[in-house]
Structure formats: structure tokens, C-alpha cells
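Note that these values count all heavy atoms, side chains included, but never hydrogens, waters or copies made by symmetry. Naming convention: chains lettered A, B, ... in sequence-line order (proteins, then strands); numbering from 1 in each chain.
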2 protein chains.
Amino acid sequence: MGSSKKVIRIDLSSPVPVYRQIADQIRAMLVAREFSPGERLPTVRQVAVDLGVNHNTVAEAYRNLAEEGWLSLERGRGALVVSRTTPSPSPKVRSAFGQRLRDLIAQVRAAGVSPQAIRSEFEEAATALLGREGKGSAR
Amino acid sequence: MGSSKKVIRIDLSSPVPVYRQIADQIRAMLVAREFSPGERLPTVRQVAVDLGVNHNTVAEAYRNLAEEGWLSLERGRGALVVSRTTPSPSPKVRSAFGQRLRDLIAQVRAAGVSPQAIRSEFEEAATALLGREGKGSAR
DNA sequence: CATTGTTGTCTAGTTAGAGTAGACAGATCA
DNA sequence: TGATCTGTCTACTCTAACTAGACAACAATG
């Protein structure tokens, strides 16, 4: 078991802005507990050269994550992962999630991805991000 | 069973552009077979006044769906739903889907939505868009 | 304690794309 | 024909993503 690099991949041709792609992927790693509180993320300039973008673009992503309570940014020192209290859920985000989920599934279904493959991708993501809670017979 | 209105909801404060929100939701309805080939969609101007946006914004959404093969646009006549052949799936779209799915799940998980709720929302979307194929033990 | 090099932050500026307004062109019908 | 539907096109405004480069706080080192 080596240093498992935790690589980020961006798509410049995607309509979703790069700073959001970066924030989204780091957030996914944080939710999956791939970073521990107290750990330091690579610097904005380090990530910037890795991805071939401006350091300000990475800084914007870090600032978003800091606003969400994931990071503590200290100038001159770096980006520190902090322990975060999960907010209480709102019905609005849940219904909005349902909407975006349907749209996303419809999009890939229309692109030819099979229902089995879609379910399989979800299970993979769910076990990584949600654990195995509530697998058989939900609720 | 009445005329089940098939309403579209848009969020002007969302970062995803309105024309894409419209296209995404109509595509979801098309995948869910809520429209039949031969049926006519409401006109761009009709949808525009319903949503309170410019008719060109709706036209852009319709044009996207036409490019995907869902609609046939005939000026002076309207937007016709056509029968579409599903393209063969590419591994790229599937892995990109996995990525976007993880990002989306991480986002709502971070917002406090419970794992059970997330799984429940997925099941709801899946049965509406994918049918019940492959429910127990995938693959 | 000064110096040097690191870190994140800030200010400007460019550019691409979303949205709008309004004219245009094909289709339908009285 | 004339009136009025339909989607299309052109021109314009405005916001936001991205970049370049200077700036400020901190650390390391002599």
C-alpha cells in the first residue's frame, strides 16, 4: 500500500467551471474520509501546476470549501483540514437533490448507459461515500 | 386521472443555466416516457411565459434536445416528439457519470441529507427512469 | 534579527457564454 | 390575401470564469 495519490481530474471542455470541479472532487474525498482533521492539503500553487491552471482558480475552490467548514485557510501556512459538524438537513436541498439526480440519470440513460450500469455506479459511489448503512430495505 | 400537467420548475439563482435546466427536465420526462412520439410539446413562447423567461432561452433548450434526436423542430408548426434510437454507450460517459454522481452525493451528504434519504431518492428516480430491471443483486 | 522564500489574498483586466429584445421567415387558417 | 401562429436569426448587455501579477502574513535560515 503506497502513497495513494488522491489525484484530481479536470475537464476544460466541461460547462461546469474548473474551480467547482476541483471543489467537488475534494469534497467527495473529504466525505469519503480520505483526509483526516489536522492534515494539510497541497498548496494552491501546487495543485495549480498539477492541473495546469492559474493558482487563483484553485484558491477559489479552497475558499468555497473553507466557507462550507471543511478547511481552515491560513495565509503563509497552507490549507488545514478541520473537523466539521454536519448541518441539519433541509427539505429543500433534498428535493433539489432528487431533481438533479433524475436529470443526471436521464442524461446518461439517453447516452446509452444501461440501467444495470447506472445502478452499479450508484452502488459503488454509495458504498464509498455513505457506507453500507441501510442497504437492504430502506427505511 | 386528469391531464397531469407536466410542470417545469426553474431556479434563477442556480449556477446551471436556465436553458439547460429546461432541457434537463424535459429530457427526464422523455426518458420516463411521459411523452409519446408524434406528440407536440408546448411552443417555445408558451413555455417562456409560463416560466417568465425569454422565448429564445426556451428555444435554445429545444434546439439542444433536437440535436440529441428527441425532437423535430419545424418552424411555423411546433416541436414534435420523435422516436429516438438510443446510441451505443461509451466508457467515457460512464466514468464521467460516476464522477458526477460521487460529487453530487458528497454535496448533499455534506449538506446533512442522511444516507437513507439519499438511497431512497435514488430508488425513486431509478424506478421512474430505469424501470425495475436489475433490482436484486446487480449484474 | 534581517533575509529569503513560502503561503493565501487581493486588484485588474480579458473573454466566453447566458440572457434579452426585436426583426425575420415558414406554416396555417379565416 | 391578410392575420397570426410557429421556430430562427442578429445584435446587444451583462455576469462570471479565468488569468496575470502585485501584495501581505508566516516560516526557515543565516
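In this structure, A:Gln46 atom CD and C:dG8 atom C1' are separated by 15 Å, rounded to whole Å. For the pair A:Tyr62 OH and C:dG8 P, the computed distance is 7 Å after rounding to whole Å. If you take CG of B:Leu71 and P of D:dT6, they are 16 Å apart, rounded to a whole angstrom. The separation between A:Leu80 atom CG and C:dG8 atom C1' is 14 Å, rounded to whole Å. The separation between B:Arg40 atom CZ and D:dC5 atom P is 16 Å, rounded to whole Å. Atom P of nucleotide C:dG8 and atom CZ of A:Arg75 are separated by 11 Å, given to the nearest angstrom. We find that CD1 of B:Ile22 is positioned 12 Å from C1' of C:dA18, with the value rounded to whole Å. When the P atom of C:dG19 is taken as reference, atom CG of B:Asp11 falls 12 Å away, rounded to whole Å.
Remark: A:Gln25 CD to B:Gln99 CD distance equals 4.0 Å, nearest 0.5 Å. Here the straight-line distance linking atom CG of A:Leu30 with atom OG of A:Ser36 works out to 10.0 Å at 0.5 Å rounding.
With salt bridges taken as basic N to acidic carboxylate O contacts below 4.0 Å, none links B:Glu123 and B:Arg132. Between A:Lys6 and A:Glu34, no side-chain nitrogen of the basic residue sits less than 4.0 Å from a carboxylate oxygen of the acidic one, so the salt-bridge criterion is not met. One finds no salt bridge joining A:Glu124 and B:Arg94 here, because no Lys/Arg side-chain nitrogen approaches an Asp/Glu carboxylate oxygen to under 4.0 Å.
Contact check, A:Arg63 against C:dT9: a side-chain N or O comes under 4.0 Å of OP1 or OP2. One finds a side-chain N or O of A:Arg77 lying less than 4.0 angstrom from the OP1 or OP2 phosphate oxygen of D:dA27.
Every residue two or more places apart in sequence or in another chain was checked for a side-chain hydrogen bond (donor to acceptor under 3.5 Å, both in side chains) with B:Asp103, and none qualifies.
Closest to the side chain of B:Arg45, from the set D:dT6, C:dT9, C:dT28, is D:dT6.
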Handout entry: nucleotides 13-21 of chain D: protein proximity per nucleotide (B base, S sugar-phosphate only, - neither; heavy atom, under 4.0 Å)
Key = ----SSBBB

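With 3.5 Å as the limit, one finds a donor-acceptor pair spanning the side chains of B:Asp50 and B:Gln46.
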